[in-house]
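Basis for what follows: all heavy atoms, side chains included, without hydrogens, waters or symmetry-related copies. Here is how names work: the chains are called A, B, and so on, in the same order as the sequence lines, proteins then strands, and each is numbered from 1.
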2 protein chains.
Amino acid sequence: MVTTPAESALRDSPYHADCPTRHILDRIGDRWTVLIVGALWDRSNRFSELRRRIEGISQKMLTQTLRGLERDGLVRRTVYPEVPVRVEYALTEAGRTLRKPLRALEEWSIAHLGDVSAAQKAYDRAD
Amino acid sequence: MVTTPAESALRDSPYHADCPTRHILDRIGDRWTVLIVGALWDRSNRFSELRRRIEGISQKMLTQTLRGLERDGLVRRTVYPEVPVRVEYALTEAGRTLRKPLRALEEWSIAHLGDVSAAQKAYDRAD
DNA sequence: CGGTATCCGTTGTGATACTG
DNA sequence: CAGTATCACAACGGATACCG
């Protein structure tokens, strides 16, 4: 039997810091991670390629987010010692397993974000 | 046909700010939302009850997070004008639809967080 | 090319005091 | 009981300059 978010969310303490769902949100909940994972979905990318494809990301945040993903074993960094140096980033097998939960999030968004937006407008008009 | 995170993540601009997956992460990616949704999973709760059940949450963050969920139509707030006043919070039908994506996140966490933790240790030992 | 280092504004969160 | 108001502080992220 699989536990529900409801059950596990309240099973742990203190601060429920080890709620499993909170842990993955710490991992993918930031501004850039899902965009990088998305960009690496089909094939590996060079650093500069990622920078171009992900509009608005700074060099700092691209490096920082990639380092985090590499540290967690979700992305593999490969350096080809050519001149100039070439660095390729690719999802690992573990990284690919993110597909299912990310897909679930995306499907919810597509199905419900219109309602959420309407609810916000109604709420703001009311008060 | 359903789009993948990979495809949709890079379709939009600028900053890919309207990637659907990013939008739901803006909604549930904070520190307290999933814990509150979890606490409301089976039944409605009073304000003080939520405060007791969710260890470590401050009054400010509980209020603030509940207001956001109410504004988005995911939680319904009901005031019973007794003395002293009683306020009940419950998930709406829309709020209950979060079950599927939250469950997917939780299953990933349970299946993979051990590997992630091991990868972190290996990475930190290496460098 | 693929980074690091530094500075700095913004945002998220917590502590505390007060209120209808 | 269920909040609101205010202050303080740390983390996040962007801009810029520099480097192997």
So, are [X] and [Y] salt-bridged, with charged N and O less than 4.0 Å apart?
| X | Y | answer |
| --- | --- | --- |
| B/R22 | A/E106 | no |
| A/E93 | A/R96 | yes |
| A/R51 | A/E49 | no |
| B/E107 | B/R103 | yes |

Grab the [atom1]-[atom2] distance between [X] and [N] for me, whole Å please.
| X | N | atom1 | atom2 | answer |
| --- | --- | --- | --- | --- |
| A/Q64 | D/dC12 | CD | P | 8 Å |
| B/K60 | C/dA15 | NZ | P | 11 Å |
| B/I57 | C/dT16 | CD1 | C1' | 17 Å |
| A/I54 | C/dG2 | CD1 | C1' | 15 Å |
| A/L62 | C/dT4 | CG | C1' | 14 Å |
| B/R67 | D/dT4 | CZ | C1' | 10 Å |
| A/R77 | C/dC1 | CZ | P | 16 Å |
| B/R22 | D/dC12 | CZ | P | 14 Å |

Please classify the nucleic acid contact of A/Y80 as base, sugar-phosphate, or nothing, using heavy-atom distances under 4.0 Å. nothing

Which part of the nucleic acid, if any, lies within contact of A/R51, taking any heavy atom under 4.0 Å across all strands shown: a base, the sugar-phosphate backbone alone, or nothing? nothing

Can a side chain N or O of B/Y89 be found less than 4.0 Å away from OP1 or OP2 on D/dG3? yes

Any B/S48 side-chain N or O less than 4.0 Å from OP1/OP2 of D/dA2: yes

From the options [options], select the nucleotide whose nearest atom is closest to the side chain of [X].
| X | options | answer |
| --- | --- | --- |
| B/T63 | C/dG14, D/dG3, C/dG3 | D/dG3 |
| B/M61 | C/dT13, D/dA2, D/dG14 | C/dT13 |
| B/R46 | C/dG3, D/dG14, D/dA2 | D/dA2 |
| A/V87 | D/dG3, C/dG3, C/dT13 | C/dG3 |
| A/W32 | D/dG13, D/dC1, C/dG3 | D/dG13 |
| A/F47 | D/dC7, C/dG2, D/dG13 | C/dG2 |
| B/Q59 | C/dT13, D/dT4, C/dG20 | D/dT4 |

Would you please say whether a donor-acceptor pair under 3.5 Å links the side chains of A/Q120 and B/D72? yes

